[in-house]
There are 2 protein chains.
Amino acid sequence: MDKSQKDTNTEQRILEAAKKVFVRKGMAGARMQDIADEAGINKALLHYYFRNKEKLFEMIFTEAASKLFPRINQLFTAELPLFEKIERFCHEYIDIVKSNPYLPLFVLNEINQNPEHFLQKFWKGEHKPNPTHLLNQIAEEVQRGTIRPIHPVNLLINLVSMTIFPFMAKPMLEANLGISADQFNDFIEQRKKEIPAFIISALRP
Amino acid sequence: MDKSQKDTNTEQRILEAAKKVFVRKGMAGARMQDIADEAGINKALLHYYFRNKEKLFEMIFTEAASKLFPRINQLFTAELPLFEKIERFCHEYIDIVKSNPYLPLFVLNEINQNPEHFLQKFWKGEHKPNPTHLLNQIAEEVQRGTIRPIHPVNLLINLVSMTIFPFMAKPMLEANLGISADQFNDFIEQRKKEIPAFIISALRP
DNA sequence: AGCTTTGTTAACTATTTGGTTAAACCATAT
DNA sequence: ATATGGTTTAACCAAATAGTTAACAAAGCT
């Protein structure tokens with residue numbers, strides 16, 4: 001094991017290894033041994049730092065979800081004109097997910113496999129997305145006639161779908177459009193501007 | 001065990017049970033015992049009909065993917081005006097997924113956990129989505145000036161994202177918007193018309 | 001130095017789980 | 001009735017995997 005590893009905090013190394021393995025393989029598919037190997041340590045040490053698999057997983061999942069959700073809230077609740085808000089959401093959110101492209105699929109999948117557990121236990125306070133502010137804002141603009149009539153929830157879902165879905169379909173897109181990981185990144189990068197333009201164009205009265 | 005179960009073909013009962021469990025828990029999370037229980041049979045009988053877990057899984061996965069992908073191709077390759085094609089895609093595809101709401105997340109997740117395996121082994125011929133026809137069609141309309149300039153791939157991804165993503169986020173949407181499964185269905189149903197309208201509006205020159 | 005706390009390991013245990021075996025069951029043909 | 005062949009089961013086995021223990025090493029403290 002090289003110095004750079006030994007130097008680093010063991011707990012941190014475990015968390016990074018666990019994240020890597022859990023996000024790739026999911027809670028059920030991840031092996032404690034693999035996490036230990038990835039961290040370059042003994043399996044027993046894993047249990048020394050984190051009592052069991054579930055505890056370790058919850059830590060990773062919480063961290064992952066914390067990266068994904070609270071920022072949504074900030075963006076949704078900000079005091080900004082609608083179009084600017086849409087632009088900023090796309091821009092910032094794509095940046096977040098771009099550096100963790102597998103997070104959305106991971107989180108949504110685990111939620112799907114155990115909805116009660118996560119949605120009841122984990123979604124408290126700041127973690128729970130609260131889109132009401134944005135929804136009201138959309139409804140206002142519709143009423144004022146500045147944008148085409150649209151059910152606010154539809155617009156919200158369209159925005160989120162177009163932003164997040166490409167990451168979830170990443171392996172398929174790369175294989176099917178015959179593009180490399182780099183090209184995928186370029187494609188995503190360009191969508192920062194494309195998605196808002198598309199939405200704003202759709203909303204022209 | 002009631003008559004209705006005993007009557008049905010055992011193999012069919014197993015496949016249905018396996019689908020239920022695999023789709024819910026994923027390959028790694030599914031337990032052969034659970035599948036046996038769900039089918040109301042002995043675990044050994046599972047291995048009598050399907051040699052092992054992998055074989056059984058592959059059967060389910062293939063069936064699932066066959067339900068999702070080939071239909072896309074038919075719709076993409078059809079000889080229809082662009083807008084009509086978009087409308088039909090939304091309408092028909094939402095119908096397909098509506099009766100199997102967990103399929104997209106299941107399939108994308110398994111592909112993600114083992115891209116080489118599935119994309120190389122499974123994507124042959126009709127299974128492989130081939131969007132070139134639709135992409136050309138979009139490019140033509142752009143050149144002709146009948147729709148706003150847009151990179152065809154972006155439009156394609158927007159269409160697919162808005163159609164499929166809501167199903168993947170179903171548990172989150174139900175919990176977060178405080179809606180029931182029935183209301184979710186209503187919401188999805190209404191999007192059959194909403195998504196095409198949104199896209200067509202965005203494409204107005 | 002000696003003592004205590006913290007970090008780390010190899011070897012082990014317990015449990016889960018995929019898969020097997022041999023016997024029982026049951027319908028049907030002879 | 002009974003032999004036959006496909007179907008089903010209870011009991012078992014082996015491999016994989018989460019978790020434990022006990023000994024040891026390193027670092028801190030008096």
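Naming convention: chains lettered A, B, ... in sequence-line order (proteins, then strands); numbering from 1 in each chain. In what follows, every heavy atom counts, from backbone to side chain, and hydrogens, waters and symmetry copies are set aside.
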Could you go through nucleotides 21-27 of chain C and list every protein N or O atom that sits under 3.5 Å from one of its N or O atoms, giving the distance for each pair?
none

Gln33(B) CD to dC12(D) C1': how many Å, rounded?
14 Å
Polar side-chain atom of Thr77(A) near backbone of Asn73(A) as donor-acceptor pair, under 3.5 Å:
yes
Could you check how far CE of Met27(B) sits from P of dT17(C), rounded to whole Å?
14 Å
Is it the case that the ring center of Phe89(B) lies less than 6.0 angstrom away from the ring center of Phe76(B)?
yes
Distance check needed: dT8(D) C1' versus Asn9(B) CG, whole Å only.
14 Å
Ile35(B) CD1 to dG18(C) P, in whole Å, measures 8 Å
With a 4.0 Å cut-off on heavy atoms, is Ala30(B) in touch with a base, just the backbone sugar-phosphate, or nothing at all?
sugar-phosphate
For dA16(D), does OP1 or OP2 lie under 4.0 Å from any side-chain N or O of Arg31(A)?
no
Per the under-4.0 Å heavy-atom filter, residues of residues 45-53 of chain B near DNA chain D come out as Leu45(B), Tyr48(B), Tyr49(B)
Nearest-Å distance for atom pair CG/P, residues Asn42(A) and dA22(D)
16 Å
Please report the closest heavy-atom contact between Gly26(A) and Phe106(A), naming both atoms and the distance.
CA-CE1, 4.5 Å
Could you go through Asp95(A) and Lys192(A), starting from their C-alpha distance and side-chain angles, then the distance that decides it, and tell me whether this counts as salt bridge (charged side-chain N to carboxylate O under 4.0 Å, His left out)?
CA-CA 9 Å; Asp95(A) 270 343; Lys192(A) 282 184 187 171; 2.7 Å; yes
Can Ser180(B) and Asp182(B) be counted as having a side-chain donor-acceptor contact under 3.5 angstrom?
no
Side-chain donor/acceptor of Arg191(B) to backbone N/O of Met162(B), under 3.5 Å
yes
Using the ring of Tyr93(A) (Phe, Tyr or Trp, six-membered ring only), decide whether Arg71(A) places NZ or CZ under 6.0 Å from its centre and within 45 degrees of its axis.
no
Met32(B) CE - dG19(C) P separation (whole Å):
6 Å
Measuring to OP1 and OP2 of dG7(C), would you say a side-chain N or O of Thr10(A) lies under 4.0 angstrom away?
no
Would Val97(B) and Leu103(B) count as a side chain to side chain contact (heavy atoms under 4.5 Å, CB included) if you check the C-alpha gap in whole Å, the side-chain angles of each, and the deciding distance to 0.1 Å?
CA-CA 7 Å; Val97(B) 186; Leu103(B) 242 47; 5.7 Å; no
Nearest to the Lys43(A) side chain among dA10(D), dG19(D), dT8(C), which nucleotide is it?
dG19(D)
Here the salt bridge (charged side-chain N to carboxylate O under 4.0 Å, His left out) pairs for residues 74-85 of chain A, sequence neighbours left out, are none
